[in-house]
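Report on the following structure.
Reckoned from all heavy atoms, side chains included, excluding hydrogens, waters and symmetry mates. Each chain gets a letter, A, B and so on, in the order the sequences are listed, and its residues count up from 1. Keep in mind that what you see is a predicted model, and the values were worked out from it rather than measured.
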Number of protein chains: 2
Amino acid sequence: MARAGLTAERLTRAGAELADEVGFDKVTVAALARQFGVKDASLYSHLKNSQDLRTRIALLALEEMADRVASALAGRAGKDALEAFAHAYRDYAREHPGRYAAAQLRLDPEVAAASAGVRHAQMTRAILRGYDLAEPDRTHAVRLLGSVFHGYISLESGGSFDHSSPGTQETWARVLDALDALLRNWPAP
Amino acid sequence: MARAGLTAERLTRAGAELADEVGFDKVTVAALARQFGVKDASLYSHLKNSQDLRTRIALLALEEMADRVASALAGRAGKDALEAFAHAYRDYAREHPGRYAAAQLRLDPEVAAASAGVRHAQMTRAILRGYDLAEPDRTHAVRLLGSVFHGYISLESGGSFDHSSPGTQETWARVLDALDALLRNWPAP
DNA sequence: TGCGTTTACCTAGGAGTATTAGGCAAATTA
DNA sequence: TAATTTGCCTAATACTCCTAGGTAAACGCA
């Protein structure tokens, strides 16, 4: 019988698509096998287990996000960079909700340390180059930015903003204005 | 044979405890039945299905959080209120990670509208009474606060802040300083 | 070109979870 | 005390995860 040509990469990619279509939590070994027309047991030659699959999808998502952010950030500084980062991040989450959810997966420390999440963190720091912040405020600010971006996307995609009036597009723009103002006027302790 | 005295409420409460112990995603009808020493089929007299169980835990968590925040907020204004809200929120999430995760569950619009989530949102608005913000900036600011709080807690509990140096306690305090400063100096469009 | 080795995919099966249908006995009410 | 409700049961179906062991296709080499 003909082989389907499975590899860990193809499975990861297909799993990511599936996540975007039906939700990350519904990505299952069985569902993935069905997509390739093979038995679920067959996937275990390529994947250690279902957790391994989820981890691979998470790592893929982190790579893609870091790539996007990197190219969005190239050649920009200050508020320009802040907005580019924010838009790239949010757009990715809207285009790929399943992958974005995957990227929130808690990884083993070693795996996380070797992931594109590190690059991502570095780029968040890079945004602040255009602002006059010394340590440890720089780190506090990085954490604040990460919190706002992640929190906003998470609440928005969860529908928390659906039933009050200004559109989320407008809020997003004003939030970025506010963050820019804050970074330019970071309060002394 | 003796009855276990199951009710939807007891099951919900036990499910919430279980969520805090092993994680919200591992709260299962079977696991809950085991805790009460009954067969899993027995729970279906009290719960519509496993989604119903999860929803009930989420609603419980929303109630508890709204209660905590309400009493933290009583008699406070301005930065005092901001900090009280933030601490109550974060403390709840740290004490009850499973319940906090449950509270993020996407609810049907009608269910959400009847939930304590509404009270929660109103209290976030109440914080802003101490600051001079008119609509629509008030709404933008509410969304920003929600994003920061949720995002920070989510990243912190996911371990994102574990491997960089200032402690998260210090960052949290400085983030609140920054938010207070921002709300007092909200930029014009 | 044919042979051996690797490996991709298979069947079979065990364990856990979600859910429904239908039954008996305990608790409640008349 | 009889009638009714209801709490928990057994049984059965379906789906997911995963392991063990087998077969045949593809590959590497003489």
Does His46(A) put a side-chain nitrogen or oxygen below 4.0 Å from OP1 or OP2 of dT7(C)? no
Rounded interatomic separation in angstrom, taking CG from Leu43(A) and P from dT16(D): 12 Å
So Phe161(A) and Ser147(B), do their side chains get closer than 4.5 Å, heavy atoms only? yes
Leu18(A) has an atom CG; how far is it from atom C1' of dT16(D), in whole Å? 14 Å
Which pairs of donor and acceptor atoms, one on a side chain in residues 88-97 of chain B, lie under 3.5 Å apart (sequence neighbours left out)?
{"residue": "Arg90(B)", "atom": "NE", "partner": "Glu156(B)", "partner atom": "OE1", "Å": "3.0"}
{"residue": "Arg90(B)", "atom": "NH1", "partner": "Gln169(B)", "partner atom": "OE1", "Å": "3.4"}
{"residue": "Arg90(B)", "atom": "NH2", "partner": "Glu156(B)", "partner atom": "OE2", "Å": "2.7"}
{"residue": "Arg90(B)", "atom": "NH2", "partner": "Thr168(B)", "partner atom": "OG1", "Å": "3.4"}
{"residue": "Tyr92(B)", "atom": "OH", "partner": "Glu64(B)", "partner atom": "OE1", "Å": "2.5"}
{"residue": "Arg94(B)", "atom": "NH1", "partner": "Glu156(B)", "partner atom": "OE2", "Å": "2.9"}
{"residue": "Glu95(B)", "atom": "OE1", "partner": "Arg68(B)", "partner atom": "NH1", "Å": "3.4"}
{"residue": "Glu95(B)", "atom": "OE1", "partner": "Arg68(B)", "partner atom": "NH2", "Å": "2.5"}
{"residue": "Glu95(B)", "atom": "OE2", "partner": "Arg68(B)", "partner atom": "NH1", "Å": "3.4"}
{"residue": "His96(B)", "atom": "ND1", "partner": "Asp20(B)", "partner atom": "OD2", "Å": "2.8"}
{"residue": "His96(B)", "atom": "ND1", "partner": "Arg99(B)", "partner atom": "NH1", "Å": "3.4"}

Whole angstroms only, please: what is the CG-P distance between Asp52(B) and dT20(C)? 12 Å
Solution key, residues 52-63 of chain A side-chain donor-acceptor pairs under 3.5 Å, sequence neighbours excluded:
{"residue": "Asp52(A)", "atom": "OD1", "partner": "Arg56(A)", "partner atom": "NE", "Å": "3.4"}
{"residue": "Asp52(A)", "atom": "OD2", "partner": "Lys48(A)", "partner atom": "N", "Å": "2.9"}
{"residue": "Asp52(A)", "atom": "OD2", "partner": "Arg56(A)", "partner atom": "NE", "Å": "3.2"}
{"residue": "Arg54(A)", "atom": "NH2", "partner": "Ser50(A)", "partner atom": "OG", "Å": "2.8"}
{"residue": "Thr55(A)", "atom": "OG1", "partner": "Gln51(A)", "partner atom": "O", "Å": "2.9"}
{"residue": "Thr55(A)", "atom": "OG1", "partner": "Gln51(A)", "partner atom": "NE2", "Å": "3.3"}
{"residue": "Glu63(A)", "atom": "OE1", "partner": "Arg119(A)", "partner atom": "NH1", "Å": "3.3"}

Sequence neighbours left out, what pairs pass salt bridge (Lys or Arg N to Asp or Glu O under 4.0 Å) with at least one residue falling in residues 122-131 of chain B? Arg125(B)-Glu135(B)
Please, which pairs that meet salt bridge (Lys or Arg N to Asp or Glu O under 4.0 Å) have at least one residue in residues 31-46 of chain A, sequence neighbours excluded? none
N/O donor-acceptor pairs under 3.5 Å from side chains in residues 182-189 of chain B, not counting sequence neighbours:
{"residue": "Arg184(B)", "atom": "NE", "partner": "Asp180(B)", "partner atom": "OD2", "Å": "3.1"}
{"residue": "Arg184(B)", "atom": "NH2", "partner": "Asp180(B)", "partner atom": "OD2", "Å": "2.8"}
{"residue": "Trp186(B)", "atom": "NE1", "partner": "Asp137(B)", "partner atom": "OD1", "Å": "3.3"}

Leu11(A) CG to dC9(C) P: how many Å, rounded? 9 Å
Treating primed atoms plus P, OP1 and OP2 as sugar-phosphate and everything else as base, which nucleotides of nucleotides 14-19 of chain C get B, S or - for protein heavy atoms under 4.0 Å? ---SSB
note: Leu32(B), atom CG; dC8(D), atom C1'; distance rounded to Å ~ 15 Å
dC10(C), OP1 or OP2 - any side-chain N/O from Ser42(A) closer than 4.0 Å? yes
Nucleotide dT16(D), atom P - distance to CG of Asp25(B) in whole Å: 18 Å
